[in-house]
Protein chains: 2
Amino acid sequence: MADGRTASAQSGENLLFLTDEQLRQGIEAMFFAYRGFTADPDRILSDLAYGRAHHRAVHFINRAPGTTVNNLLNILGVTKQSLNRVLRTLIEDGLVESKVGKVDKRERHLFLTEEGQALEQKLSNAQRARMRMAFRDAGPEAVAGFRTVLEAMMDGDMRFAYTRLRDSGT
Amino acid sequence: MADGRTASAQSGENLLFLTDEQLRQGIEAMFFAYRGFTADPDRILSDLAYGRAHHRAVHFINRAPGTTVNNLLNILGVTKQSLNRVLRTLIEDGLVESKVGKVDKRERHLFLTEEGQALEQKLSNAQRARMRMAFRDAGPEAVAGFRTVLEAMMDGDMRFAYTRLRDSGT
DNA sequence: AGTATATGTCAGTGTTGTTGACATTCCAAG
DNA sequence: CTTGGAATGTCAACAACACTGACATATACT
């Protein structure tokens, strides 16, 4: 470890990609790339009175219309108080509609209004444009690797939420 | 676009990996993976009086010892007021040392103390452990693709900062 | 001497997250 | 039918971290 390599020259396989130096580069790549990942939506949101939390809520409500507050809570991984503040403003501003559940009237099912869908489109178009450019530049094999590593980096709960969403694809 | 595909069956090449559905999955993968990426350091930091901003500062000071405040500002992409608040507590707590520059006495060069290095190790060991596991599970080809896509996702300034750090590797 | 740069600091504000406490509504088990 | 618990919403307080704007200081460059 003092030489900056935790694993190398083992079992005939080349494990140089697991050196501390390679891991550090991966960590810094994640840090810088995430900034790029959020930069475009952040720019749009700063003009409005919204932030990243509003973007996330709108994204996942659009992704799974009619989802309950509790479900959204699990996906976003925040407290209900934090989510509630965001949802309240979105509902007040007419971007999100909250409908009382039919089978269980305690539950509130969340939907985007037309105005909410318009904002979601605006935000996700910007984010997709950057992702599309990155994917195109990198090519399909790199994209497959990208996805594989990201999935391996998730916590169990997150991976479950992710795959559940992924496999319910349109 | 109404069918969820912006590009497909073009120029003899298979561009199915650029559909809106694939891009959406990439976006959600980034979101969930970044949570996993920061989860372990966040747990450690929550016990101390520090947050993610302190982690970032300590990381990059360790990465480039003697760096100036201005340089760190560019790397982190925050305001000097925000960084100064973090640096002040780290210096007060004896984790970071600030030395007046020799050639330019306006500049302050930043170094980690032994205590600061200990915290950096603790944090980066946790983060590297997860990254190592993800890399090992995914394999070298996937890791290469992961890096390629992340680099393509960065803004120009960030990519410059990233490659400059990367190419100054130990 | 005058301008520009690097840094630090103070005051105010906004978004997002946290805990803790409490009310309401409603399903379900006893 | 009553009671316990689950789902949701609300209020209050607080902390972390970002922002803007203004200003001070020391130093460097021209």
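The model shown is predicted, which means the values in this text are computed figures rather than measured ones. Every chain is numbered from 1, with letters handed out A, B, ... down the list of sequences.
The interatomic distance linking A:K99 (NZ) with D:dG9 (P) rounds to 15 Å, in whole Å. Residue B:R52 contributes atom CZ, which lies 19 Å from atom P of D:dA15 at whole-angstrom precision. The interatomic distance linking B:R43 (CZ) with C:dT18 (C1') rounds to 16 Å, in whole Å. Residue A:E107 contributes atom CD, which lies 10 Å from atom P of C:dC27 at whole-angstrom precision. Atoms CG (B:N84) and P (D:dT20) sit 16 Å apart, rounded to a whole Å. Rounded to whole angstrom, the span from the CG atom of A:L87 across to the P atom of C:dT15 amounts to 16 Å. Whole-Å rounding puts the A:L110 CG to D:dA7 P distance at 15 Å. As rounded to whole Å, 11 Å separates atom P of C:dT15 from atom CG of A:L45.
For C:dT7, its base never sits under 3.5 Å from the side chain of B:R106 at any donor and acceptor pair.
Set against C:dG8, C:dG17, D:dC17, the side chain of B:R85 has D:dC17 as its closest nucleotide. Side-chain atoms of A:V69 lie closest to D:dT8 of the nucleotides C:dT7, D:dC19, D:dT8. Here the nucleotide nearest the side chain of B:R88, chosen from C:dG17, C:dC10, C:dG8, is C:dC10. With C:dT7, D:dT10, C:dC10 as the candidates, the nucleotide lying closest to the side chain of B:N70 is C:dT7.
How far CD of B:E151 is from OH of B:Y162: 4.5 Å, rounded to the nearest 0.5 Å. Between the CG atom in A:L165 and the CZ atom in B:F32 there is a gap of 5.5 Å [rounded to 0.5 Å].
A:M133 and B:M158 are not part of a single hydrophobic cluster, where members link through side-chain heavy atoms under 4.5 Å apart.
Among the protein residues, B:V103 comes within range of the sugar-phosphate backbone only, with heavy atoms under 4.0 Å from sugar or phosphate atoms but none that close to a base. At a threshold of 4.0 angstrom between heavy atoms, the contacts of B:T68 are confined to the sugar-phosphate backbone, with no base atom among them.
A salt bridge is absent between A:R88 and A:E92; no separation between the charged side-chain nitrogens and carboxylate oxygens falls under 4.0 Å.
Residue B:S82 places none of its side-chain N or O atoms closer than 4.0 Å to OP1 or OP2 of D:dC17. Distances shorter than 4.0 Å separate none of the side-chain N or O atoms of A:T79 from OP1 or OP2 on C:dG17. Under 4.0 angstrom from either OP1 or OP2 of D:dA16 there lies no side-chain N or O belonging to B:H54.
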For this session: Quick one: do A:R35 and B:D155 satisfy salt bridge (Lys or Arg N to Asp or Glu O under 4.0 Å)? Show the steps, please.
Result: CA-CA 8 Å; A:R35 283 244 301 278; B:D155 271 347; over 6 Å; no
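A residue-by-residue look at B:K105 and A:K80 shows that A:K80 has its nearest nucleotide of DNA chain D further toward the 5' end. Comparing A:V86 and A:Q81 along DNA chain C, the residue whose closest nucleotide (by nearest heavy atom) sits nearer the 5' end is A:V86. Nearest-nucleotide positions on DNA chain C for B:D104 and A:G77 put B:D104 closer to the 5' end.
Atom CG of B:D157 sits in a sparse spot, with 12 or fewer heavy atoms from other residues, nucleotides or ligands closer than 6.0 Å.
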